[in-house]
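Just so we're on the same page: letters track the sequence lines, and every chain starts at 1.
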Protein chains: 2
Amino acid sequence: MRTSSASRPHSPVTGQMMDQPLLISGILEFAARHYPATEIVSRTVEGDLHRYTYRDCERRARQMAQVLAGLGVEMGQRVATLAWNGYRHLELYYAVSGSGFVLHTINPRLHPEQVAYIVNHAEDQYLFFDLTFLPLVQAVAAHCPTVKGFVLMSDRAHMPQETAIPNLLCYEDLLAASSADFSWPDFDEYAAASLCYTSGTTGNPKGALYSHRSTVLHAYAAAMPNALNVSARDTVLPVVPMFHVNAWGLPYAVLLAGAKMVFPGPALDGKSLYELFESEGITLSAGVPTVWLGLVNYAIQNDLQFSTFRRTVIGGSACPPAMMDTLIDRLNVDVVHAWGMTEMSPLGTAGVLQARHLALPKQAQRAILQKQGHAIFGVDMKIVDDAGVEIAWDGSTYGHLFVKGPWIIDSYFREEGGDVLVDGWFPTGDVATIDVDGYMQITDRSKDVIKSGGEWIGTIDLENIAMAHPAVLQAACIGVAHPKWDERPLLLVVKRPGLDVTRADLLAFFEGKVAKFWLPDDVAFIDALPMGATGKIQKNKLREQFRHHQLPTL
Amino acid sequence: MRTSSASRPHSPVTGQMMDQPLLISGILEFAARHYPATEIVSRTVEGDLHRYTYRDCERRARQMAQVLAGLGVEMGQRVATLAWNGYRHLELYYAVSGSGFVLHTINPRLHPEQVAYIVNHAEDQYLFFDLTFLPLVQAVAAHCPTVKGFVLMSDRAHMPQETAIPNLLCYEDLLAASSADFSWPDFDEYAAASLCYTSGTTGNPKGALYSHRSTVLHAYAAAMPNALNVSARDTVLPVVPMFHVNAWGLPYAVLLAGAKMVFPGPALDGKSLYELFESEGITLSAGVPTVWLGLVNYAIQNDLQFSTFRRTVIGGSACPPAMMDTLIDRLNVDVVHAWGMTEMSPLGTAGVLQARHLALPKQAQRAILQKQGHAIFGVDMKIVDDAGVEIAWDGSTYGHLFVKGPWIIDSYFREEGGDVLVDGWFPTGDVATIDVDGYMQITDRSKDVIKSGGEWIGTIDLENIAMAHPAVLQAACIGVAHPKWDERPLLLVVKRPGLDVTRADLLAFFEGKVAKFWLPDDVAFIDALPMGATGKIQKNKLREQFRHHQLPTL
């Protein structure tokens with residue numbers, strides 16, 4: 001909200017520069033005007049490979065903007081998508097936000113009830129969807145009273161013969177009936193532009209409402225050499241979905257950099273990706289570790305190399321060190337760790353080396369790259385103790401991580417209570433270290449860290465050690481109440497099928513790997529760990545289940 | 001001015017992002033906090049090599065901000081510098097603008113009368129200067145009534161024993177007496193931040209008044225891979241002076257990128273530069289062609305290579321093709337042509353290749369790099385005919401070049417008449433072509449282009465051809481009135497000492513190199529061309545002198 005700008009001092013002398021708002025439509029206009037022939041290639045849901053240029057995209061986005069105006073959408077209202085990475089989704093990114101409406105990208109992997117919840121919470125006016133999601137839309141349509149129409153992002157030939165969906169429209173029919181005689185409107189850059197919901201482990205999903213200003217500034221920062229490093233020489237394939245925090249900003253950063261864009265559609269298996277990387281000459285990609293696992297395995301199993309692919313951005317969760325080694329040493333692909341949150345648009349840090357690191361031995365460089373990364377310009381970070389006092393950046397002292405910057409939320413969309421900041425800083429809910437060179441490493445979630453005798457014990461480190469044991473399939477570490485130390489660590493382990501390991505074996509496995517007071521007090525073997533919808537271990541459930549666990553150290 | 005934002009529509013729904021102004025102090029704070037140990041190395045006026053870190057710089061900038069507050073400077077008032085590229089000048093960049101004052105960098109190569117004119121026009125409150133410029137300051141001090149004090153940017157040991165300068169202060173003494181207990185103030189990002197005067201061929205110099213917003217956005221754009229491409233892996237030496245359009249924004253872009261900074265001070269000869277490039281490991285530099293000539297000649301004559309230097313940005317005027325070839329092919333240094341104006345902060349275009357150019361033969365790539373470059377994100381361009389109608393981007397049709405963007409002025413500082421824009425676009429005064437890929441090439445100044453029978457004849461092309469003749473030292477082409485064709489070209493030539501060439505020889509030399517109607521109607525030999533203070537040929541004087549020249553074609 002712009003509450004603070006009213007109280008900010010104005011200078012008696014203002015600069016005499018052109019007053020141009022930072023608008024998302026400006027990115028597409030720039031791309032179409034200055035890189036008119038640069039290609040956008042899409043593997044479609046229908047299976048074929050669609051190609052056109054930035055200029056074509058901008059023209060169709062203007063037509064779609066006319067369609068939306070004709071449908072009666074008003075400034076600030078939400079228009080939802082349930083779609084893969086593809087050219088029609090890109091057109092909507094610009095047509096919706098560029099018109100002054102709010103693009104609401106929905107994660108189709110959510111449970112239908114959650115989809116309906118956020119459609120209703122956002123009061124979406126229209127919902128655009130890919131053919132893949134027809135069953136999902138059929139399941140939720142009746143529960144979304146604010147939605148005036150559902151638009152299938154395909155042509156007449158792919159429209160279903162019969163459907164229970166009320167007011168089902170065809171994307172290409174709407175476009176064909178609309179002219180491109182439309183100028184992108186000029187409005188305030190603080191206007192809302194897009195909306196992404198984030199689902200925590202508890203409670204309903206919460207929305208982050210981005211502005212045009214925050215999106216354009218984030219795109220500048222994302223394209224920088226210290227971040228994603230996108231130039232007109234690149235061909236970029238975003239594996240990270242456009243329904244996941246705006247594909248980390250790539251639909252904006254790639255266009256402003258004039259790079260060729262390649263969309264993979266729904267085919268994200270190793271073979272499909274490898275073939276597309278090779279046929280289109282991908283140089284840069286971005287995604288979560290799981291996807292890289294498939295691609296890396298396919299390349300290794302078939303003894304393949306990449307012809308043009310030289311850099312990948314990995315985020316969402318940490319890239320396992322072995323995968324990073326394979327990518328860099330075996331496949332000649334640089335790895336950039338990126339960290340952020342839906343609440344941060346999402347980029348906060350990126351892991352690239354600094355000049356003085358170039359002379360370090362490989363393993364020392366790798367240790368830097370395995371951290372979550374270095375703040376990108378525009379983002380500030382701090383780590384604080386339980387009393388809120390800022391602590392040193394020494395690479396070993398843990399603290400609660402707070403962030404600040406023009407593309408970080410100050411409150412959630414339509415949430416009671418308003419401002420979620422603490423002294424102007426956003427609490428990430430993570431515990432982290434920051435080293436003297438500014439590289440941040442997440443060591444735990446704030447609510448998961450174990451507090452023992454005034455010291456903090458990071459559960460992620462303990463779990464990583466346990467998982468390095470050959471007989472351990474999964475591990476989770478939680479704090480259990482202890483009268484003397486407040487809390488002590490309990491390690492919960494799921495064994496690999498057919499393999500065995502004892503409590504004593506596991507505890508011995510930790511010896512010499514961590515400080516003595518970090519050693520778990522006990523190990524319990526369980527059949528499975530409770531997992532949430534987004535694939536994260538639900539430690540709150542484990543803490544509840546083991547609340548009365550009798551530690552042998554009592 | 002912010003006149004238009006008041007009338008810009010506000011959305012009923014604004015984004016819920018942190019409201020943080022884009023302030024220049026934010027760049028230094030980010031650099032000091034996130035790259036605390038990154039070095040700033042300066043060859044000083046006194047001759048030694050000074051080194052310290054971003055963290056040191058930020059602390060001293062805060063001390064200097066305290067000094068300025070103590071001297072009674074008020075928000076929006078101007079503080080001037082006459083200084084080389086060095087760490088104290090960098091401290092002033094941030095201390096002055098970061099405090100809400102306006103940094104006015106003066107070109108010490110101007111005539112003392114012009115220096116006094118702009119000091120008075122700007123109503124500078126204090127003037128900071130390097131030891132080199134003591135005589136200049138002594139010459140102008142008495143003519144600068146608004147200046148309350150003159151600060152020598154050195155220590156007590158270098159203060160002159162006797163001086164006629166009233167209220168002469170010592171930089172290091174002021175700093176030593178001041179604490180760093182100062183927080184950068186928060187204010188509106190549209191506040192004026194710095195002021196640069198540009199001297200045209202006629203009239204008094206005019207000031208471009210940059211804002212914090214325009215400076216930070218320009219810095220983002222300048223650091224991008226498609227522009228200067230500055231990362232934390234770089235060591236950057238700006239040869240372009242900090243008194244010349246803020247050294248093309250490098251004092252901002254280098255810090256936000258966390259790159260090591262090396263300042264050359266006044267020693268810009270080939271040998272001094274080469275030695276500094278090698279000893280400090282420079283990877284990236286920027287300057288005008290004249291400076292590169294010295295450095296390239298020194299390297300070639302001594303059969304040297306660069307160990308780390310891999311990319312240079314060349315602007316101010318076009319890099320001669322032979323020098324570009326030597327830099328790229330012989331010295332392994334990539335050349336990025338950059339074009340801009342004081343009125344543009346200054347960057348408008350940069351010449352880097354796009355993905356589809358990488359397969360072109362070397363000469364075709366070189367032809368692209370020799371153009372002025374491609375618009376960087378944030379800048380829009382258009383070329384128009386005499387009637388103001390936009391013309392095609394085909395790489396051959398000429399038009400008046402107009403530009404638009406948030407770091408381009410809308411009016412000059414304290415100039416009568418206000419807004420200098422035409423339909424919101426800034427008239428560059430240049431004539432240019434733009435090709436289908438968006439690369440712009442300047443072919444002439446609008447006032448110099450020759451209009452013959454409704455067609456335009458570019459004088460720069462004709463002059464370049466003439467100068468390729470071995471007997472030609474200098475050449476200038478002007479239009480002379482012609483009853484049938486309106487204007488026809490007259491070529492003015494200064495011969496090389498000891499060499500001779502006839503009118504007929506020269507005209508024959510043009511055959512086959514240009515269209516027939518471009519051939520000069522006549523050649524006149526003169527002893528010298530009239531040159532302006534900034535080294536440009538004064539064609540208006542030539543046009544006056546040859547107004548009644550009798551063309552043989554009449």
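B:V379 touches chain A through its backbone: at least one of N, CA, C or O sits under 4.5 Å from a heavy atom, while the side chain does not. Both the backbone and the side chain of A:Y220 come within less than 4.5 Å of a heavy atom of chain B. Contact annotation for A:I434: neither backbone nor side-chain heavy atoms come within less than 4.5 Å of a heavy atom of chain B. Interface residue A:F426: backbone and side-chain heavy atoms are both found under 4.5 Å from chain B. Contact of A:Q77 with chain B is not made at all, since no heavy-atom distance falls under 4.5 Å. When heavy atoms are compared at a cutoff of 4.5 Å, A:L22 approaches chain B by way of both its backbone and its side chain. Residue B:A31 does not touch chain A at all, counting heavy-atom pairs closer than 4.5 Å. Both the backbone and the side chain of A:A221 come within contact range of chain B, with heavy atoms under 4.5 Å apart. Both the backbone and the side chain of A:P21 come within less than 4.5 Å of a heavy atom of chain B. Of the atoms belonging to A:V420, not a single heavy atom falls under 4.5 Å from chain B. Residue contact with chain A, scored on non-hydrogen atoms closer than 4.5 Å, involves the backbone and the side chain of B:Y210 alike. Looking at A:V230, only its backbone comes within 4.5 Å of chain B, counting heavy atoms on both sides. Interface residue A:L358: only side-chain heavy atoms are found under 4.5 Å from chain B. Neither the backbone nor the side chain of A:A193 comes within less than 4.5 Å of any heavy atom in chain B.
Counting all heavy atoms, side chain and backbone alike, A:R78 lies closest to A:A122 at NE-O, 2.8 Å. Nearest heavy atom pair, residue A:P406 against residue B:M17, reads O-CB, 3.9 Å. A:A222 and A:A253 get closest at one heavy-atom pair: CB-CB, 4.3 Å. Scanning both residues, A:L228 and A:R311, for their nearest heavy atoms gives O-NH2, 3.0 Å. Nearest heavy atom pair, residue A:V96 against residue A:L103, reads CG1-N, 3.5 Å.
Ranked by heavy-atom pairs under 4.5 Å with chain A, the first of B:T38, B:T235, B:V216 is B:T38. Considering only heavy-atom pairs separated by less than 4.5 Å from chain A, the leading option among B:A223, B:G207, B:G100 is B:A223. Chosen from B:H212, B:R356, B:H357, the residue pairing most often with chain A at heavy-atom distances under 4.5 Å is B:R356. For the set A:T215, A:I409, A:V436, the entry with the most heavy-atom pairs within less than 4.5 Å of chain B is A:I409. Taking B:S214, B:A232, B:S211, B:P185 one by one and counting their heavy-atom pairs under 4.5 Å with chain A, the maximum is reached by B:A232. When A:A219, A:G281, A:G405 are compared by the number of non-hydrogen pairs under 4.5 Å with chain B, A:G405 comes out ahead. Note: A:R213 leads A:M75, A:E74, A:E189, A:R213 in heavy-atom pairs under 4.5 Å with chain B. Counting heavy-atom pairs closer than 4.5 Å to chain A, the top-ranked of the candidates B:Y439, B:F413, B:W407 is B:F413. In terms of heavy-atom pairs under 4.5 angstrom with chain A, the leader among B:G438, B:A355, B:P225 is B:P225.
No donor-acceptor pair closer than 3.5 Å links the side chain of A:T283 to the backbone N or O of A:T308. No donor-acceptor pair closer than 3.5 Å links the side chain of A:Q16 to the backbone N or O of A:T14. In this structure, A:S99 contributes its side chain and A:F101 its backbone to no donor-acceptor pair below 3.5 Å.
Distance check, rounded to the nearest 0.5 Å: SG of B:C196 to CG of B:L209 gives 9.5 Å. Once rounded to the nearest 0.5 Å, the distance linking CG of B:D334 with CG of B:L284 reads 10.5 Å.
Between B:H34 and B:Y54, the distance from one ring center to the other does not fall under 6.0 angstrom.
Between B:E29 and A:K404, no side-chain nitrogen of the basic residue sits less than 4.0 Å from a carboxylate oxygen of the acidic one, so the salt-bridge criterion is not met. A salt bridge links B:E280 to B:K260: at least one charged side-chain nitrogen sits closer than 4.0 Å to a carboxylate oxygen.
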One pair to check against side chain to side chain contact (heavy atoms under 4.5 Å, CB included): B:V352 and A:S231. What are the steps and the verdict? CA-CA 9 Å; B:V352 294; A:S231 84; over 6 Å; no
